[in-house]
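Accompanying notes for the structure given below.
Reminder, nothing fancy here: chain letters follow the sequence lines and each chain counts from 1.
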Protein chains: 2
Amino acid sequence: MVVVPRQTRQRAEILDLLEDLDEFRSAQQLHEMLRARGSSVGLATVYRAVQSLSEHGDVDVLRTEDGESVYRRCAQRSHHHHLVCRSCGRTVEIDAGQAEAWAAQVGAAHGFDDVDHIIELVGTCASCRAAATA
Amino acid sequence: MVVVPRQTRQRAEILDLLEDLDEFRSAQQLHEMLRARGSSVGLATVYRAVQSLSEHGDVDVLRTEDGESVYRRCAQRSHHHHLVCRSCGRTVEIDAGQAEAWAAQVGAAHGFDDVDHIIELVGTCASCRAAATA
DNA sequence: CTCTTGCTGAGACTGGTTCCCACCATAACG
DNA sequence: CGTTATGGTGGGAACCAGTCTCAGCAAGAG
């Protein structure tokens, strides 16, 4: 009795859109883009879709500095982290084995169990750096 | 012409309160606590104060999962990270030299400069673990 | 085909945060 | 020490992301 989300036009359109994008987008941006494409999808539906997708590990979620949640379809389905360009939004997926080992070790040193971690890296990518110094 | 915040009763009271606490608190919680103490400080003022304090590095800010900002007066004024107990909120400050070195190295490997990082650890502390298994 | 059940969407609602603006206290200046 | 400009204060309105409501609809089971 596993709960599998029903396959609907709206969900398909949202996934399609996410496939086309390679940067993190907010639910509101996705909604706008869908409307621009001419499909009539409700904002609430977009929220529900990205939420269920993220629960199933099909998309990754990040929180921006101003508290907005942004979503991205990721190549790696396993746990990983992101290195995001602060200027153009280009995102690189990182396997963070080393950082995870560090986290577990630090937790143990302070008597903490089940240590989860939030690790995100923000930098300036090579091409933006070049553009800035030009 | 450096902008130094004016010293007022309200700001002093907020800092005092933060000194007494050793867990992260939201602006709203701080506001409530101040009112409970009998001091009439506006909510807007609390927001302004914690904001300016965090900009000056006098308090640390974290975002909870539901998008609330929480604040804490930290012992270390230099850059550091936190290991928070998910059950009791107990917080340990971590010097994360190793993680930072890793972040810089990963950034460089992908051609990224000025790599900032967000690293937070959440776990279950020894005493909460004991209480849970009791 | 029919029925059940989950999905949809418009708009109302919530809760955290910021803005507005008249009033007030601080600090600088004479 | 009084005056003044400047920035802080506070209450409420405004804002915005996100959630809830509920009637209508459509996917999938039987």
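Distance from the side chain of A:Ala44 is smallest to C:dG9 among D:dT9, C:dG9, D:dA17. Taking only side-chain atoms of B:Gln51, from C-beta outward, the nucleotide of D:dA17, C:dG16, C:dT18 with the closest atom is C:dT18. With distances taken from any side-chain atom of B:Val41 to the nucleotides D:dG8, D:dA17, D:dG10, the minimum falls on D:dG10. Looking at the side chain of A:Gln28, the nearest of the listed nucleotides D:dA17, C:dG16, C:dC7 is D:dA17.
Put simply, CD on B:Gln10 is 10 Å from P on D:dG11, counting in whole angstrom units. At whole-Å resolution of the value, CG in B:Asp66 and P in D:dT19 are 10 Å apart. The distance from atom CZ of B:Arg25 to atom P of C:dG16 is 15 Å, rounded to the nearest whole Å. One atom, CG of B:Leu43, and another, P of D:dA14, lie 17 Å apart when rounded to the nearest Å.
Side-chain N/O atoms of A:Arg48 and A:Thr45 include a donor and acceptor closer than 3.5 Å. Residues A:His117 and B:His81 have side chains that never bring a donor and an acceptor to within less than 3.5 angstrom of each other. Between A:Thr124 and A:Arg86, the side chains place a donor N or O and an acceptor N or O closer than 3.5 Å (distance only, hydrogens not considered). In this model, a donor atom of one side chain and an acceptor atom of the other lie less than 3.5 Å apart for B:Ser39 and B:Glu13.
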Under 3.5 Å, N/O pairs linking protein and nucleotides 22-27 of chain D:
unit_1 : atom_1 : unit_2 : atom_2 : d
D:dA27 : N3     : A:Arg6 : NH1    : 3.3

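Residues passing the side chain to side chain donor-acceptor pair (under 3.5 Å) test with B:Arg6: none are found, sequence neighbours excluded.
Ion pairing between A:Arg72 and A:Glu93 holds under the 4.0 Å rule for side-chain N and carboxylate O.
Under 4.0 angstrom from either OP1 or OP2 of C:dG16 there lies no side-chain N or O belonging to B:Arg63. Close to C:dG9, at under 4.0 Å from its OP1 or OP2, lies a side-chain N or O of A:Thr45. Between A:Tyr47 and the phosphate of D:dT19, there is no side-chain N or O to OP1/OP2 separation shorter than 4.0 Å.
For the pair A:Val46 and B:Ser26, nearest-nucleotide mapping onto DNA chain C gives the more 5' position to A:Val46.
Residue contacts for B:Ser69: at a heavy-atom cut-off of 4.0 Å it reaches the sugar-phosphate backbone alone, with no base atom in range.
Taking the six-membered ring for Trp and the full ring otherwise, A:His31 and A:Tyr47 have centroids separated by 6.0 Å or more.
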